[in-house]
Number of protein chains: 2
Amino acid sequence: MTVWSLSFLTMPTETFFNLPAEKRDMICQAAIAEFAAHSFEQASINRIVANAGIAKGSFYQYFANKEDIFLYLLQLSGQAKLAYLEPILRNSGEYDFFALLRDLYVSGIQFAEKHPEYAEIGKKLMKSKGTPIYAAVMNASMPTADEFFVLLLENAIRRKEVRADIDVAMFAHLIAAMNALVIEYYCEHSASTHDGTMLATVERFIDFLKYGLAAPAA
Amino acid sequence: MTVWSLSFLTMPTETFFNLPAEKRDMICQAAIAEFAAHSFEQASINRIVANAGIAKGSFYQYFANKEDIFLYLLQLSGQAKLAYLEPILRNSGEYDFFALLRDLYVSGIQFAEKHPEYAEIGKKLMKSKGTPIYAAVMNASMPTADEFFVLLLENAIRRKEVRADIDVAMFAHLIAAMNALVIEYYCEHSASTHDGTMLATVERFIDFLKYGLAAPAA
DNA sequence: ATATCATATGACTCGCTGGTCACATGACTG
DNA sequence: CAGTCATGTGACCAGCGAGTCATATGATAT
């Protein structure tokens, strides 16, 4: 659910952008596949250049180092994700909290289905809290999903859509994390499925968030 | 919340158990610290032997390889955790679902506070789904927390404590994952705290699981 | 004194890593 | 033709990893 800002603290070189689009794509595709398959530390520049079909020296004419290309890919990913979220965010005033949440979840799943590699990279990043690269990413002024949900929750409490006695920071964290969990679960347990099933899954999940697990009094 | 079984598919050598307990402890402590600080792949046998004050060759007289010592530590961790969970599990028939859940969460937090290194190793392992070591661990017949919560949920539904229209597998997964999230959140956001606060945090969280986030009708 | 045995050791192999650099290629200029 | 500039290249470097092995130590038994 994180929405990356377009920070330009690090960037590919001019040389990279002078490249024919075809070649640039080969490099990006190879790098995306590599970072989707391996953590930042485990990812190998050697494999990226091999799969991209370029020389290692060339790679270092395009990117300063491994971190540079990784942050660039996160930027691309953020832009792609923003395209999915933008319509919802634009009209966010019109929704009640749970409806908004539902649409955010649905968009999140759609994004993950359309861009599984980006989703995988994001997932791996979220799991790497505490590593140097995670700190570097946060340093690059990437706003967190937690912060976003804090705002949403505070708003919902003000509108009396959500009970006021919750620990907002903790539930923002939980909601953000559950977003990832639900997407992951959904993607793993329904390879062949149509949107109807997906919407139903999300609806039932949102219903749980709203009313809980307890059986209604008989 | 996972309860490790005591599988003996791999084990330290007899030589290891002939060692004076003091030396064995040094090695385990060094290894625990290493695997708590780094993922399985990133963890370094060189650092372990350096911190344990033994020669590398000696290490390989005690353990077959990196995986061997890792699985052994998971076994130790599982035994330690079982000690916390056993009293609850023994009387599990007497609780209602949400009370049982609460006690499981509390015990989980207490375990994490008493054995932060073990908790960290478990956390890192759960985050490494998809890697070879994760597969190896699952192969070593470690029962998952998911499976455990499936049983609990099915039971609770039969007793009409939990609504029957949920996707049991998915919520088992969510509850297991949220367990880890809540423990992590609690440990990070309350360095100086007494049990009263902790119990209150868990109670409010269980209350959310029970009744949801929606504000009660005014 | 000698043989046997469990244990201890660290230099070594081999493979892979991120990153560098001297040089090659080829297009465009005067 | 030579000069210049952007781009391409892969051998190379230093470092670190897991795992091996010939050798050393020292205790016990004979």
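Below, chain A is the first sequence line, B the second, and so on; all start at residue 1.
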- Assign A:Phe16 to base, sugar-phosphate, or nothing according to its heavy-atom contacts below 4.0 angstrom with the strands shown.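 The answer is nothing, as A:Phe16 stays clear of every strand by at least 4.0 Å.
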- Message: Once you apply a heavy-atom cut-off of 4.0 Å, does A:Phe59 come out as touching a base, just sugar-phosphate, or nothing?
- Response: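 Counting heavy atoms under 4.0 Å across all strands, no contact is made by A:Phe59.
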- Classify every nucleotide of nucleotides 11-27 of chain C by which part a protein heavy atom approaches to under 4.0 Å, writing B for the base, S for the sugar-phosphate alone and - for neither, in 5'-to-3' order. ------BBBBB------
Rounded to the nearest 0.5 Å, what's the gap from [atom1] on [X] to [atom2] on [Y]? Could you check?
| X | Y | atom1 | atom2 | result |
| --- | --- | --- | --- | --- |
| A:Ile54 | A:Ile27 | CD1 | CD1 | 4.0 Å |
| B:Lys81 | B:Ser107 | NZ | OG | 9.0 Å |
| A:Asp68 | A:Tyr72 | CG | OH | 10.5 Å |

- Message: Parallel, tilted or perpendicular: which one describes the rings of B:His115 and B:Phe111, with boundaries at 30° and 60°?
- Response: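 Ring orientation, 0 to 90° scale: tilted.
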- Message: Would you call the rings of B:Tyr62 and B:Phe16 parallel, tilted or perpendicular, taking 30° and 60° as the class edges?
- Response: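 Judged by the thresholds at 30° and 60°, the geometry between B:Tyr62 and B:Phe16 is tilted.
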- Message: Using the rule given for side chain to side chain contact (heavy atoms under 4.5 Å, CB included), can you reason through A:Tyr95 versus A:Leu104, listing the C-alpha separation, both sets of side-chain angles and the distance that settles it, and then say yes or no?
- Response: CA-CA 11 Å; A:Tyr95 293 73; A:Leu104 288 173; over 6 Å; no
- Interface limits on DNA chain D, where chain A has a heavy atom under 4.0 Å of a nucleotide atom: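 First and last nucleotides in contact are D:dT7 to D:dG10.
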- May I ask you to establish whether A:Lys66 and A:Phe40 are in a cation-pi arrangement, using a distance under 6.0 Å from NZ or CZ to the six-membered ring centre and at most 45° from the ring axis?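 Judged by the rule, A:Lys66 and A:Phe40 form a cation-pi pair.
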- Task: Decide if the gap between the ring center of A:Phe208 and the ring center of B:Phe208 is smaller than 6.0 angstrom.
- Result: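 Yes, the ring centres sit under 6.0 Å apart.
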